[in-house]
Amino acid sequence: MRTLLISGGSSGIGKATVEYFARKGWMVYELSRHGVSRENVVHTDCDVTDEQSVRRAVAAVLRQTDRLDVVIANAGFGISGTIEFTATEDVRHQFDVNFFGALHLAKAVLPKLREQHGGTIIFTSSVAAILAVPYQAFYSATKAAINAMALALQNEVRDFGIHVSVLMPGDVQTGFTAARNKSAAGEDVYLSAHKAVATMEHDEQHGLCPEQMALCFWRIANKHHPAPQYVGGGSYKMLCFLDRLLPKRLVNWIEYKVYS
């Protein structure tokens, strides 16, 4: 029985991924604050913003299994608002969960992956890492940071037989939208802010289903030599391709028109 360790597996894309892998016969170890154990799924309480909590949770998992085949750092949430008026403490919390939470998990599992000379780490990133979304700048920044960390990490652990990838979903229909921390501060100055956030949330609620992302994770997990980056959803693959093809000035102007 192959094993998956995943953070943020109690809702949204993470929950769909837990259920998909469990149905396929994998033993799934799920880390979150609100999950529950069930057939082929073992839940462990974990706060990804607390490095010691992550280390304790991973240690608890390793007392139950002698191997980690795939690790998915998935925990995350979103905030929206203007760069100028977003409180700095909210920005720090965004990075604590999305970036440092992923970092804490990677650091906690790497000793085991090096010892067994193999395994795959997959970070949940976002198309927003490449196409930064106005009024969601800090979410975009956390995902861009994850992309950079993943590329560097792949070269650091290559000699240990460890693979590192990111999956960049586009808009997905989950509770992520309702859970977003939205700030209206500055909307009397930045008149397009409210419309931009509303447009973004409409796209999310009419986006891909989380099971499609679970299938993406499944395909990456079963590749012998996964690529460094994957985009979830065909239309989003085209957008990312156009970003590489077209001048950045033009791409950024198109985004402005979409969200203004």
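Atoms considered below: every heavy atom in the structure, side chains included; atoms not considered: hydrogens, waters and symmetry mates. What you are looking at is a predicted structure, and each value in this text was computed from that prediction instead of being measured.
A donor-acceptor contact shorter than 3.5 Å links the side chain of Ser165 to the backbone of Ala227. Between the side chain of Thr44 and the backbone N or O of Leu31, no donor-acceptor pair lies under 3.5 Å. When atom types are taken as modelled, the side chain of Arg67 and the backbone of Thr65 share no donor-acceptor pair closer than 3.5 angstrom. Side chain of Ser7 to main chain of Ala75: a donor-acceptor pair is present (N/O by atom type, distance under 3.5 Å, no hydrogens or angles). Side-chain N or O atoms of Gln94 include none that pairs as donor or acceptor with a backbone N or O of Thr142 at under 3.5 Å. A donor-acceptor pair is defined here as one N or O able to donate and one able to accept, closer than 3.5 Å; no such pair exists between the side chain of Ser140 and the backbone of Ala129. Of the possible donor and acceptor atoms, none in the side chain of Tyr259 sits under 3.5 Å from a partner among the backbone N and O of Ala193. Gln154 places a side-chain N or O within donor-acceptor distance of the main-chain N or O of Ile162, the cut-off being under 3.5 Å.
Between Glu19 and Lys24 the shortest side-chain heavy-atom distance does not fall below 4.5 Å. At least one side-chain heavy atom of Phe138 sits under 4.5 Å from a side-chain heavy atom of Ile83. You'll find the side chain of Val71 stays beyond 4.5 Å of the side chain of Ile122, heavy atoms only. Considering only heavy atoms from C-beta on, Asn40 stays 4.5 Å or farther from Val28 through its side chain. Proximity of Ser126 to Met168: side-chain heavy atoms (C-beta onward) are nowhere separated by under 4.5 Å. Inter-residue side-chain proximity for Val70 and Trp26 is flagged as met; some heavy-atom pair is nearer than 4.5 Å. Counting heavy atoms from C-beta on, the side chains of Met149 and Phe123 come closer than 4.5 Å. Side-chain contact between Leu4 and Asp69 is absent, with no heavy atoms from C-beta onward closer than 4.5 Å.
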Could you go through residues 218-225 and list every donor-acceptor pair under 3.5 Å that involves a side-chain atom there, pairing it with any protein atom two or more places apart or in another chain?
unit_1, atom_1, unit_2, atom_2, d
Asn222, OD1, Arg2, NH1, 3.3
Asn222, ND2, Trp218, O, 2.7

Would you give me the side-chain donor-acceptor pairs under 3.5 Å for residues 111-121, sequence neighbours excluded?
unit_1, atom_1, unit_2, atom_2, d
Lys112, NZ, Asp66, O, 2.9
Lys112, NZ, Glu115, OE2, 3.1
Gln116, OE1, Leu68, N, 3.3
Gln116, NE2, Leu68, O, 2.5
Gln116, NE2, Gly118, O, 2.9
His117, ND1, Phe160, O, 3.3

Could you list the donor-acceptor pairs under 3.5 angstrom formed by side chains in residues 240-254, with sequence neighbours left out?
unit_1, atom_1, unit_2, atom_2, d
Asp243, OD1, Lys248, NZ, 2.6
Asp243, OD2, Lys248, NZ, 3.4
Lys248, NZ, Ile130, O, 3.3

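Counting only N and O atoms by type, the side chains of Ser192 and Tyr135 include a donor and acceptor under 3.5 Å apart. No hydrogens or angles considered: nothing links the side chains of Asp47 and Ser53 as a donor-acceptor pair under 3.5 Å. Side chains of Thr124 and Asn74: a donor on one and an acceptor on the other come within 3.5 Å.
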Val258 and Glu255: side chain to side chain contact (heavy atoms under 4.5 Å, CB included), yes or no, with the steps? CA-CA 5 Å; Val258 168; Glu255 282 203 83; 5.5 Å; no

Would Ser32 and His43 satisfy side chain to side chain contact (heavy atoms under 4.5 Å, CB included), going step by step from the backbone distance to the final call? CA-CA 8 Å; Ser32 68; His43 165 74; 3.4 Å; yes

Please walk me through it: do Leu208 and Met213 pass side chain to side chain contact (heavy atoms under 4.5 Å, CB included)? CA-CA 8 Å; Leu208 302 170; Met213 295 303 101; 3.5 Å; yes

Apply side chain to side chain contact (heavy atoms under 4.5 Å, CB included) to Val109 and Leu5, showing your working. CA-CA 9 Å; Val109 301; Leu5 172 62; 3.7 Å; yes

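Note: Thr3 OG1 to Phe21 CZ = 10.5 Å, rounded to the nearest 0.5 Å. To the nearest 0.5 Å, atoms CD (Glu156) and CG (Leu110) are separated by 9.0 Å. Atom-to-atom distance recorded for Glu187:CD and Lys195:NZ is 13.0 Å, nearest 0.5 angstrom. Rounding to the nearest 0.5 Å places CD of Glu30 at 9.0 Å from CG of Asp45. From Cys46, atom SG reaches atom CD of Gln52 across 11.0 Å, with rounding to the nearest 0.5 Å. Between the CD1 atom of Ile13 and the CD atom of Gln212 there is a distance of 10.5 Å, given to the nearest 0.5 Å.
Hydrophobic clustering, with ILVMFWY side chains joined whenever heavy atoms are under 4.5 angstrom apart, keeps Val36 apart from Ile6. Note: the hydrophobic cluster containing Leu151 does not contain Val166 (ILVMFWY, side chain heavy atoms under 4.5 Å, direct or indirect links).
Shortest non-hydrogen contact noted between Val231 and Lys237 is O-CE, 3.2 Å. Residues Ile79 and Tyr139 approach most closely at O-CB, 4.5 Å, considering heavy atoms. Listed here is the closest heavy atom pair of Gly76 and Val97: CA-CG1, 3.8 Å. In this structure, Ala102 and Asn98 approach most closely via the heavy-atom pair CB-O, 3.7 Å. In plain terms, the two heavy atoms of Leu167 and Cys216 that are nearest each other are CD2-CB, 3.8 Å. Between Ser125 and Asn147 the shortest heavy-atom distance is OG-OD1, 2.7 Å.
Listed by chain and residue number, Glu51 satisfy the salt bridge (charged side-chain N to carboxylate O under 4.0 Å, His left out) test with Arg55 (two or more places apart in sequence, or in another chain). With sequence neighbours left out, the side-chain contact (heavy atoms from CB on, under 4.5 Å) criterion links Gln64 to Tyr29, Val42.
Using a 4.0 Å cut-off between charged nitrogen and carboxylate oxygen, Arg92 and Asp90 do not count as a salt-bridge pair.
Every pair passing ring-ring contact (aromatic ring centres under 6.0 Å, His included) that includes a residue from residues 80-100 is listed here, sequence neighbours excluded: Phe77-His93.
Within a 6.0 Å radius of CD in Glu89, other residues, nucleotides and ligands contribute more than 12 heavy atoms.
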